[in-house]
Amino acid sequence: MPRLDMTVQDLKERALFVRRDIVALLARSQSGHSGGPLSSADFGTVLFFHEMNVNPRRLDDPSRDMWHFSIGHVTPVIYALMGERGYFPLVDLLQFRQFKGHLQGHPSKHDTPGIEVSSGSLGQGLSVACGMALGSRMDGIERRIYCVMGDGEQQEGQIWEAAMFAAHYKLDNLCAVIDYNRKQIDGDVQDVMGIAPLADKWRGFNWNVIEADGHDVAALLKSFEDARGARGKPSVILARTVMGKGVSFMEDDYKWHGVPPNREQAEQALREMGTSLEEWTARLESHTKPEVAPGAGRRS
Amino acid sequence: MPRLDMTVQDLKERALFVRRDIVALLARSQSGHSGGPLSSADFGTVLFFHEMNVNPRRLDDPSRDMWHFSIGHVTPVIYALMGERGYFPLVDLLQFRQFKGHLQGHPSKHDTPGIEVSSGSLGQGLSVACGMALGSRMDGIERRIYCVMGDGEQQEGQIWEAAMFAAHYKLDNLCAVIDYNRKQIDGDVQDVMGIAPLADKWRGFNWNVIEADGHDVAALLKSFEDARGARGKPSVILARTVMGKGVSFMEDDYKWHGVPPNREQAEQALREMGTSLEEWTARLESHTKPEVAPGAGRRS
Amino acid sequence: MTGATPAAPQAETLAPTLAKPEMKRTREGFGHGLVDLGQKRADVVVLVGDLSGSTNVTFFAEKFPERFIQVGVAEQNMMCVAAGLAATGKIPFLATYGAFASCRSADQMRVTVAYTDLPVKIGGAHGGISVGPDGATHQAMEEIAIVRSIPNMKMIVPCDYWETRKATVAAADDPHPNYIRFGREPVPVVTGPDSPFTIGKANQLREGSDLAIIACGVMVYEALVAAQELESRGISARVLNMHTLKPLDAEAIARAARECGAIVTAEEHQIHGGLGGAVAEAVVQSHPVPMEFVAVHDRFGRSGKQDELMAAFGIKAPDVVRAAERALARKRAR
Amino acid sequence: MTGATPAAPQAETLAPTLAKPEMKRTREGFGHGLVDLGQKRADVVVLVGDLSGSTNVTFFAEKFPERFIQVGVAEQNMMCVAAGLAATGKIPFLATYGAFASCRSADQMRVTVAYTDLPVKIGGAHGGISVGPDGATHQAMEEIAIVRSIPNMKMIVPCDYWETRKATVAAADDPHPNYIRFGREPVPVVTGPDSPFTIGKANQLREGSDLAIIACGVMVYEALVAAQELESRGISARVLNMHTLKPLDAEAIARAARECGAIVTAEEHQIHGGLGGAVAEAVVQSHPVPMEFVAVHDRFGRSGKQDELMAAFGIKAPDVVRAAERALARKRAR
Ligand SMILES: Cc1ncc(C[n+]2csc(CCOP(=O)(O)OP(=O)(O)O)c2C)c(N)n1
Ligand SMILES: Cc1ncc(C[n+]2csc(CCOP(=O)(O)OP(=O)(O)O)c2C)c(N)n1
Ligand SMILES: [Mg+2]
Ligand SMILES: [Mg+2]
């Protein structure tokens, strides 16, 4: 299937939509994570609207690229991206974390078609991606595998088991992205359990390491391009981001890791992002068919 | 309590005794590991007969250094070292892995006084040592903690969790030794699951990395000295060793990881080491009191 | 052995409180229990895996920062660091979500902690379906089965704030490893600061002779509500608070089987190997009687509100009442 | 549901073989079962954690090197790599010692494999005390309790070489995750290449009416020997091979309880949450009768020879006979 054909400007606008979706769905659910989803919105948009070859109309498309979020707690951005990309109608976002509805607190394959493997326990995703990459290569499928990790998550030893495995098997069809927002639940990553020098660690595990501003769409496009070019090595993009990016009072504050904005905060956040809770909720409610949501960029 | 006072020559001879003990006890048990214990004999001897402040007569001596083998499968060398050092009579070595007797297949605190914490499941020991190092520091005890790991064991992610922890808490009272014999159960480490560049990995995790010939007693003495000198960082000694060291037909052959020599092989091995199965078994049997076994070096 | 314990509230006294119970978080009981310990014992240290707030160990961290150890997101390491600390004479409490405490570090709990028999205390938060919106991955419902299977381990599932606080203090005095399971949301308070708590001794909260309802955790409250409803139907139900799953109070269970002739177990846990399984093991070895299980039927949880989920998964008081009717019918049919 | 299955050997035919049974390793059954699968299914791949020889996956590796994946000493990673492979359409079998398969990667089994319900097949080697000289850390005796507690998982404990081989093949045809437990040392062969095997259906190996002995794994042989001894004492013991612990054949258990009135379970596993626990859960919910458990009594194993250990830990045929006498006495006393 043809890639979407979007300009950097289109992608920036779509990323803004994704951020608005995140705030609006959290305002409704009043439960869930704000910080990581907002820091992941830009590279997430680049992945879903440019880099990845996905086919929401045919989930089992054998030529599809596969993606997996090892940080299952960032479901607000995962679902916003899926909704905008046409996996399901945007209106579904308003059922996030509710008993009725198909959008669980953490990604669930059997509740949300399009999720390849469920997650929510940290540190396991890169291993899953390794299996996808190796299995695809065994079958001679020209697919790429994308795995999103967190920076606090780097403290899980299983990630280093997977890092060793991917390099040992030269999985160059594998590209990992780390949401390097320098925060985790209990505070600054460097205070909780320092992971620096992170690039040296990944190099020591024989990966192709790419560092980029995780909010600079052009830089991200280039980073994914570089990753594609790497031969004989898996690539990891250290995306330097800001937790809560896009909402002034959330930015760089770890306290926003796991809480939603209340109604007033959501109003302010959406105002900062050029819309209102009412207007944006109305947009979500009006979107009842699964398709690339109206807005920036041409349809696929 | 005073350290033993041994020359390099004394230590070399004692290491030879330890190797003879390993072969003799395995010849009797006909079950257990040969390869790793023999590659660990030299640094093990330097630890037990020079570097460590241990007191087999008073196991709860609050001033003692603490040691922990994360590779629980090398019990033959652990028990040989403990026997030679006087934790229990050497004759006990002949009960290795038997239902009666106190020398279990893997280290068991409640069966073998002197073992601080039981082990046998790989990858857990460095974390245990971190707890010992932190706990000792909290109590202001001037103790050092020694942890022995394997190279194949480096594949366990928990080791990297512990590596991060030790550096984060600046545990410079912690010294790890890796038996870098380049072999594991299924073959060469580099073929099974490559761990190179190992020194870079540990440096990337902010450790003081010391590389040494694991069979050169003088070099090992110096390495432990350097480790003591390191401030604000834990140290790891990458001891380059040869699996099965000291027994011609076992050297550098991964097939000897987990099997004992049969009677004939033990005979030959001990002949190569300047004694006989009968003579050395007789020495073990004659040694029925717990004390630093007669032989090289002055008593404590 | 404790039968009807004097201080334990009786049905009459409970009635009003059952209607409008005081709601309190069991995790706060854990947090306050740690503070109680911090004051009375210098050897208690607390470890956490980047979950200070939701496990309430912040209470301890604020008062005793020098005895608080942040481990980050590394449960395997945390379990073994705790073991190492115990080897130097500390009484380490570690805290994370029960799903990870019981599963992510199970091998470390088995080999390093339990086999060495070190006094490591494991605080498993977010136990049960009542965790709510986080969903299945965060709703721990296998801990009882896992921990019970490991030698040297003890397993405690307190029923409310006060009992969790007492269990936390009692855990430190036990020279062996143990696991305390508690939850996220506020739950009814059914015991008081002075009600008795001894590891391994069940508390009878209500006298009864037609059948016995044996419960643990938040289900103790549901059991008391059910018992009251049953009373209105002329059925006398004994209620046992089986706060310790291991070692199990087999004597109290055998007595209940003998004197009541039918048993219903109620737990916020998978149906296999939990409280129901533990009681069944004791019953068939002493006095076999019909049993019905109120538990999660071997399904993963999902997102939703506490009550909505407990109802959907069939573990509210009405489910206990229905189970009691089934058990009684079977008892009569024998 | 299978009652007395025609092809199942009867007591008479077993007698001679019981005296001098053919001894074969169950792990070889796993290895050969993988080779059978390699030949008939292209989608089967095998992963191992640096234990190719002792899990016998070398048999598969030699024939199908391109479908064999060495993961090294990294069980957590292995479990999830297998999940990723399954997500691309493979049927992955992974092999390591049961102690590590069940404990070291429990969280990965629960969340990534079981919650996603991927067809990952877990081969747990070195199950039970019979492992011998390696000692406690390597003697897996908690797997049944752990795996049973996790939704979507199946748990299979074959009794001998042939059954392990069949279970391995059957595991691949089951579109869900499952766990197969097997041992290290040679054990008696009690089934044949043609005896029936269906996941979830117990096989009755011997007719009997005074009591039923329900066993799994190597204990099936001990149960048959015990039944023969009991026969000489005029006691008619039914023997059920409960090779599948989950899903449990509750019907066969209820029938045994109803028709025999007393049950003895025999397993090479901890006494809490294993076969005995599973059967007890089924018995109290259907037809409560006296039960006695032959199992490891909540103790860690130790080094020794297979027979010496089984005797010392009380799980040989004579222990089954004694348990049967106790169960019968209780049955008569009712
Ligand atoms: C194995 C495991 N341990 C703990 C948690 C609880 N938890 C969820 S998110 C999180 C912090 C992760 O930090 P990071 O990766 O930086 O994500 P961010 O806070 O930036 O969104 C923790 C500890 C979990 N989900 N899984
Ligand atoms: C968690 C765990 N997985 C697997 C094993 C089985 N095992 C014992 S030793 C070993 C190989 C270790 O290799 P290495 O550290 O190099 O030790 P060496 O072979 O050199 O003695 C393995 C896989 C174990 N004991 N623990
Ligand atoms: Mg972060
Ligand atoms: Mg090695």
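Naming convention: chains lettered A, B, ... in sequence-line order (proteins, then strands); numbering from 1 in each chain. Keep in mind that the numbers below use all heavy atoms, side chains included, and drop hydrogens, waters and symmetry copies. In this text, all values refer to a predicted model and were calculated from it rather than measured experimentally.
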Q) In terms of heavy-atom proximity below 4.5 Å to chain D, should C/V111 be classed as side chain, backbone, both, or neither? A) side chain
Q.
Using the rule side-chain contact (heavy atoms from CB on, under 4.5 Å), only one of D/T265, D/L240, D/D249 pairs with D/V279; which is it?
A. D/T265
Q) What residue, out of C/H297, C/K246, C/M109, C/E281, has the most heavy-atom pairs lying under 4.5 Å from chain D? A) C/E281
Q | Region of D/A327 that comes under 4.5 Å of a non-hydrogen atom in chain C | A | neither
Q. How many angstroms lie between atom OG of D/S209 and atom CD of D/E259, to the nearest 0.5 angstrom?
A. 9.5 Å
(Q) Heavy-atom cut-off 4.5 Å, strictly under: side chain, backbone, both or neither for C/S286 against chain D? (A) backbone
Q. In terms of heavy-atom proximity below 4.5 Å to chain C, should D/A140 be classed as side chain, backbone, both, or neither?
A. backbone
Q.
Can you see whether C/Q139 engages C/R302 through a side-chain donor-acceptor pair at a distance of less than 3.5 angstrom?
A. no
Q.
With chain D as the partner, which of C/G274, C/G277, C/S149, C/G276 has the greatest number of non-hydrogen pairs under 4.5 Å?
A. C/S149
Q | Contact winner vs chain C - D/Q76, D/E292, D/R299, heavy-atom pairs under 4.5 Å | A | D/Q76
Q | Structural part of C/E143 lying under 4.5 Å from a heavy atom of chain D | A | neither
Q: Heavy-atom distances under 4.5 Å only: say whether D/A278 touches chain C with side chain, backbone, both or neither.
A: neither
Q: Look up atom CD1 in C/I263 and atom CD1 in C/I214, then write down how far apart they are to the nearest 0.5 Å.
A: 4.5 Å
Q.
Ring-plane angle category for C/F100 and C/H138, please: parallel below 30°, perpendicular beyond 60°, tilted otherwise.
A. perpendicular
(Q) If I measure from the heavy atoms of chain D, does C/Q108 come under 4.5 Å with its side chain, its backbone, both, or neither? (A) side chain
Q. Could you give the distance from CD1 (D/I156) to CG (D/D174), rounded to the nearest 0.5 Å?
A. 7.0 Å
(Q) How long is the straight-line distance from CE of C/M153 back to CG of C/L245, given to the nearest 0.5 Å? (A) 12.0 Å
Q) So which part of D/R110 gets closer than 4.5 Å to some heavy atom of chain C, the side chain, the backbone, both or neither? A) both
Q: For chain D, find which of C/P288, C/A106, C/P151 contributes the most heavy-atom pairs closer than 4.5 angstrom.
A: C/P151
Q) By a 4.5 Å heavy-atom criterion (distance strictly below it), what part of D/E75 contacts chain C: side chain, backbone, both, or neither? A) neither
Q) Considering only heavy atoms, which portion of D/R326 lies under 4.5 Å from any heavy atom of chain C: side chain, backbone, both, or neither? A) neither
**Q.** Side-chain donor or acceptor of C/H176 paired with backbone N/O of C/P119 under 3.5 Å
**A.** no
Q: Name the member of D/V283, D/I150, D/V296 that forms the most heavy-atom pairs with chain C at distances under 4.5 Å.
A: D/I150
Q. Please walk me through it: do D/H272 and D/D298 pass side chain to side chain contact (heavy atoms under 4.5 Å, CB included)?
A. CA-CA 7 Å; D/H272 297 131; D/D298 197 30; 3.9 Å; yes
Q.
Between C/R148 and chain D, with a heavy-atom cut-off of 4.5 Å, which part of the residue counts as in contact: side chain, backbone, both or neither?
A. both
(Q) Checking D/H126 against D/S54 for the side chain to side chain contact (heavy atoms under 4.5 Å, CB included) test, could you report, in this order, the C-alpha distance in whole Å, the side-chain angles of both residues, the deciding distance, and whether it holds? (A) CA-CA 9 Å; D/H126 282 40; D/S54 44; 4.1 Å; yes
